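By convention in this document, chain letters (A, B, ...) are assigned in the order of the sequence lines, proteins followed by strands, and residues within each chain are numbered from 1. Here the structure is a predicted model, which is why all the values come from computation and not from measurement.
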Amino acid sequence: MRIVFMGTPEVAAFSLERLFEAPEPVVGVVTQPDRPAGRGQKSIPSPVRRVAESHHVPVLAPEKIRDPAFFNTLSGWTPDLIVVVAFGRILPRQILELAPHGCLNVHYSLLPKYRGAAPVPWAIIGSEEKSGVTTMRLVEKMDAGPIFLQREISIEPNDTTASLQAKLAPVGAELLVETIAGLKAGNLTPQAQEESKVTYAPVLKKEDGLIDWNLPAVSIERRVRGFNPWPSAYTYLAGNLLKIHRARVIEMTEKAAPGEVLKADKEGLWIATGAGALSLEEVQLENRKKLTAREFLNGTRVEKGARL
RNA sequence: CGCGGGGUGGAGCAGCCUGGUAGCUCGCAAGGCUCAUAACCUUGAGGUCCCGGGUUCAAAUCCCGGCCCCGCAA
């Protein structure tokens, strides 16, 4: 079975790496074009491109997904199956219907929950106790295709998007290989998703990270974990951007306005919220390194009663 | 050439503009106090002020070059 792989970021690269160990040949890879990124705006190849090139497989990186020249090359690879993992573009029907086995997608949630671009953060923010990976057939409607296989993993109370993603990546890669084997053997029956249980996980924006101190401390703490490593939960301290990388919920007895500094000493940096208080355990001031509250307070004076 | 901040005892920072004594909050060591403490008091050790040039009587501080770290943006 000839496979074409489409994907872009680290998770996708992980799956691709696993595919190269599987029996079916990967005959071509499609990824997003190199984009200027990072400090200095140097052009950086996507993780998927790097993996593909290290295995000497041809790579396409079309600027426009509907480019006819791209489609011609793609169909010239005569794929039996197209595997799509976090590619980052909506595929036109023409591509969805190109391969005899269609397009197989790996999605990092327990569909039908958390359809969309950012299932992992939203599962954490949504207070879920478990997440997982789903393989399904791609259809035109976003993440709405029939499900092949699904596997659960639990979300731990201290899981961040980074840590959960790291746990999901190998599970997804394994499930992908199993799904391909099942498709080849012809013993998989796709199950339609239950529309009544659908929830959405919209793409994250930088502004989503801005903390609303009126929320309960438990919600803010989940956002701190869900937005780690990106876009990062943040607030403003005396006009300076302050990222919060790790926080802990504290019972608050005293009455204080949300966002007010309750304590800023060797015991910690506590902020009042809409319900309960939040102890900032690890923070980062703009232009500065990530620091524990203790280290941070050694060099930056924060007055009790100040507002964030 | 995307924009910007920074590299100062073990940690985090101030000092730099307006050159001339090395500062603050901690940590560490020793002693004291206390039933007790990430408590408090006393004393102490510890610094090539990123590297290389230059200007100057004198450079952490001003100028030129380099290396490294970080925020924004993407």
Whole Å only: how far is the [atom1] atom of [X] from the [atom2] atom of [N]?
X: A/Glu303; N: B/U25; atom1: CD; atom2: P; value: 14 Å
X: A/Lys290; N: B/G12; atom1: NZ; atom2: C1'; value: 16 Å
X: A/Gln284; N: B/G5; atom1: CD; atom2: P; value: 17 Å
X: A/Leu242; N: B/C70; atom1: CG; atom2: P; value: 17 Å
X: A/Asp265; N: B/C24; atom1: CG; atom2: C1'; value: 17 Å
X: A/Lys205; N: B/A73; atom1: NZ; atom2: C1'; value: 17 Å
X: A/Leu285; N: B/C72; atom1: CG; atom2: P; value: 12 Å
X: A/Lys289; N: B/G5; atom1: NZ; atom2: P; value: 18 Å

Requested in this report: Could you label the plane-to-plane angle of the A/His55 and A/Phe20 rings as parallel, tilted or perpendicular, counting under 30° as parallel and over 60° as perpendicular?
Outcome: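 Parallel, since the angle between the ring planes stays under 30°.
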Atom [atom1], compared across [N] and [M]: separation rounded to whole Å:
N: B/G9; M: B/G54; atom1: P; value: 25 Å
N: B/G31; M: B/C68; atom1: P; value: 46 Å
N: B/C35; M: B/G44; atom1: P; value: 28 Å
N: B/C24; M: B/U8; atom1: C1'; value: 13 Å
N: B/C28; M: B/C3; atom1: C1'; value: 41 Å
N: B/C70; M: B/C62; atom1: C1'; value: 25 Å
N: B/A38; M: B/A29; atom1: P; value: 14 Å
N: B/C26; M: B/A39; atom1: C1'; value: 15 Å

Report task. Residues of residues 227-239 of chain A with any non-hydrogen atom less than 4.0 angstrom from an atom of RNA chain B: list those, numerically ordered, please. Result ->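 Result for residues 227-239 of chain A: none.
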Which pairs, protein N/O on one side and nucleotides 6-11 of chain B N/O on the other, fall under 3.5 Å?
residue : atom : partner  : partner atom : Å
B/A11   : O2'  : A/Glu295 : OE2          : 3.2

Complement of [N], any strand, by Watson-Crick or G-U distances under 3.5 angstrom:
N: B/U42; answer: B/A30
N: B/A11; answer: B/U25
N: B/G71; answer: B/C3

Requested in this report: Using a heavy-atom cut-off of under 4.0 Å over every strand shown, decide if A/Arg39 touches base, sugar-phosphate, or nothing.
Outcome: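 A/Arg39: base contact, heavy atoms under 4.0 Å.
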Query raised in the report: Can you list the residues that meet the side-chain contact (heavy atoms from CB on, under 4.5 Å) rule with A/Thr8, with sequence neighbours excluded?
Result: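 A/Thr8 satisfies side-chain contact (heavy atoms from CB on, under 4.5 Å) with A/Thr31, A/Gln32, A/Ser46, A/Phe87 only.
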Query raised in the report: Does A/Glu195 have any side-chain contact (heavy atoms from CB on, under 4.5 Å) partners at least two apart in sequence or in another chain, and if so, which?
Result: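 A/Glu195 satisfies side-chain contact (heavy atoms from CB on, under 4.5 Å) with A/Arg115, A/Lys141, A/Val198 only.
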If the condition is side chain to side chain donor-acceptor pair (under 3.5 Å), which residues does [X] pass it with, not counting sequence neighbours?
X: A/Asp80; answer: none
X: A/Lys263; answer: A/Glu267
X: A/Asn287; answer: none

Expected list for residues 289-296 of chain A: side-chain donor-acceptor pairs under 3.5 angstrom, two or more places apart:
residue  : atom : partner  : partner atom : Å
A/Thr292 : OG1  : A/Glu295 : N            : 3.2
A/Thr292 : OG1  : A/Glu295 : OE1          : 3.3
A/Glu295 : OE1  : A/Thr292 : N            : 3.0

Query raised in the report: Distance only, no hydrogens: is a donor on one side chain within 3.5 Å (strictly under) of an acceptor on the other, for A/Glu281 and A/Ser279?
Result: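 Distance-only check passes for A/Glu281 and A/Ser279.
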Query raised in the report: When you check the side-chain N and O atoms of A/Ser154 and A/Glu156, is any donor under 3.5 Å from an acceptor?
Result: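 A pair is found: one side chain offers a donor N or O, the other an acceptor, under 3.5 Å apart.
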Polar atom pairs (N or O), protein with nucleotides 36-41 of chain B, under 3.5 Å:
residue : atom : partner  : partner atom : Å
B/A38   : N3   : A/Arg294 : NH1          : 3.3

Query - Closest-nucleotide ordering on RNA chain B, the 5'-leading residue of A/Phe296 and A/Pro36 - result: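 Taking each residue's closest nucleotide, the earlier one in sequence belongs to A/Phe296.
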Query raised in the report: What pair of heavy atoms forms the shortest contact from A/Ala86 to A/Pro9, and how long is it?
Result: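 The answer is O-CD, 2.9 Å.
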Connected hydrophobic set around [X], excluding itself, where side chains approach under 4.5 Å:
X: A/Leu110; value: none
X: A/Met252; value: A/Ile250, A/Leu262, A/Trp270
X: A/Phe14; value: none

Query - A/Lys243 side chain near B/C70 phosphate (N/O to OP1/OP2, under 4.0 Å) - result: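 For B/C70, neither OP1 nor OP2 has a side-chain N or O of A/Lys243 closer than 4.0 Å.
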